[in-house]
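What follows is a single structure, written as structure tokens, with notes after it.
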Amino acid sequence: RVMIYKVKHSTMNPQLSSGDRIIVLNFMKPKEGKLVVTNHKGIFKIKRIHKIEGDKIFLKGDNEHPDKDMFITKSEIVGRVFTLPKFFRS
């Protein structure tokens with residue numbers, strides 16, 4: 001399935017800015033270093049996969065906000081993020 005989301009925060013600057021639109025594919029395998037959308041406790045977030053250890057995945061934002069880094073399970077991944085060219089993002 002292909003989904004389009006709108007970025008609401010700036011934790012992924014400079015790659016993604018608030019207001020940007022992204023494409024999310026839910027059939028892509030999670031890989032370290034890739035961006036994903038997660039549904040963690042009912043809240044959708046965009047983060048980068050830092051480390052995968054079995055079913056546990058450690059996510060980080062691209063900005064230095066250690067309090068926003070998090071562990072999730074693979075089942076919480078909505079899909080992998082693909083960015084649109086800048087002129088299509090907002």
Side-chain angles (χ1 to χ4, degrees):
R1 187 166 78 160
V2 177
M3 298 158 281
I4 296 178
Y5 284 84
K6 187 173 183 178
V7 178
K8 292 187 178 181
H9 300 285
S10 60
T11 60
M12 297 309 296
N13 273 342
Q15 184 165 355
L16 297 173
S17 300
S18 183
D20 284 353
R21 287 182 174 80
I22 56 171
I23 295 173
V24 178
L25 304 176
N26 71 345
F27 53 83
M28 303 293 293
K29 182 178 179 181
K31 294 182 180 180
E32 290 179 7
K34 300 297 182 182
L35 291 177
V36 292
V37 170
T38 68
N39 183 350
H40 182 68
K41 299 181 181 177
I43 299 171
F44 291 93
K45 296 182 178 197
I46 302 168
K47 298 286 183 187
R48 188 172 303 279
I49 296 176
H50 183 70
K51 186 120 177 116
I52 300 173
E53 295 178 353
D55 191 46
K56 287 198 165 214
I57 299 173
F58 181 60
L59 304 175
K60 294 180 82 164
D62 282 357
N63 288 324
E64 295 297 321
H65 295 287
D67 58 322
K68 296 186 181 199
D69 298 344
M70 57 197 283
F71 279 99
I72 63 165
T73 61
K74 287 183 181 177
S75 65
E76 293 175 280
I77 292 180
V78 173
R80 210 162 113 199
V81 172
F82 290 85
T83 57
L84 296 168
K86 196 64 171 172
F87 57 90
F88 286 120
R89 289 191 196 174
S90 47

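Between Lys60 atom NZ and Lys47 atom NZ the span is 10.5 Å, to the nearest 0.5 Å. The structure places NZ of Lys34 at 13.5 Å from NZ of Lys29, a figure rounded to the nearest 0.5 Å. One finds the CD1 atom of Ile46 at 10.5 Å from the NZ atom of Lys8 (value rounded to the nearest 0.5 Å). Taking OG1 of Thr83 as the start and CD1 of Ile22 as the end, the distance is 9.0 Å to the nearest 0.5 Å. Expressed to the nearest 0.5 Å, how far CE of Met70 lies from CD1 of Ile57 amounts to 10.5 Å. Note that the CD1 atom of Ile77 and the CG atom of Asn39 stand 11.5 Å from one another [nearest 0.5 Å].
Heavy-atom minimum distance, Met3 versus Val78: CE-CG1, 4.0 Å. Here the closest non-hydrogen pair linking Arg80 and Lys31 is NH1-CD, 4.2 Å.
Residues passing the ring-ring contact (aromatic ring centres under 6.0 Å, His included) test with Tyr5, sequence neighbours excluded: Phe44. Residues forming a side chain to side chain contact (heavy atoms under 4.5 Å, CB included) with Thr73 (at least two apart in sequence, or on another chain): Asp55, Ser75, Glu76. With sequence neighbours left out, the salt bridge (charged side-chain N to carboxylate O under 4.0 Å, His left out) criterion links Arg48 to Asp62.
Judged by distance alone, with hydrogens and angles left aside, the side-chain atoms of Asp20 form no donor-acceptor pair with the main-chain N or O of Val7 at under 3.5 Å.
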Derivation and outcome, side-chain contact (heavy atoms from CB on, under 4.5 Å), residues Gln15 and Leu35: CA-CA 10 Å; Gln15 184 165 355; Leu35 291 177; 3.8 Å; yes
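Linking ILVMFWY residues whenever their side-chain heavy atoms come closer than 4.5 Å, directly or via other members, leaves Ile52 and Phe58 in distinct clusters. Hydrophobic clustering (side-chain heavy atoms under 4.5 Å, transitive across Ile, Leu, Val, Met, Phe, Trp, Tyr) groups Phe82 together with Phe27. In terms of hydrophobic clustering, with Ile, Leu, Val, Met, Phe, Trp and Tyr side chains grouped at heavy-atom distances under 4.5 Å, Ile43 and Ile72 are assigned to different clusters. Hydrophobic clustering (side-chain heavy atoms under 4.5 Å, transitive across Ile, Leu, Val, Met, Phe, Trp, Tyr) keeps Ile49 apart from Phe71.
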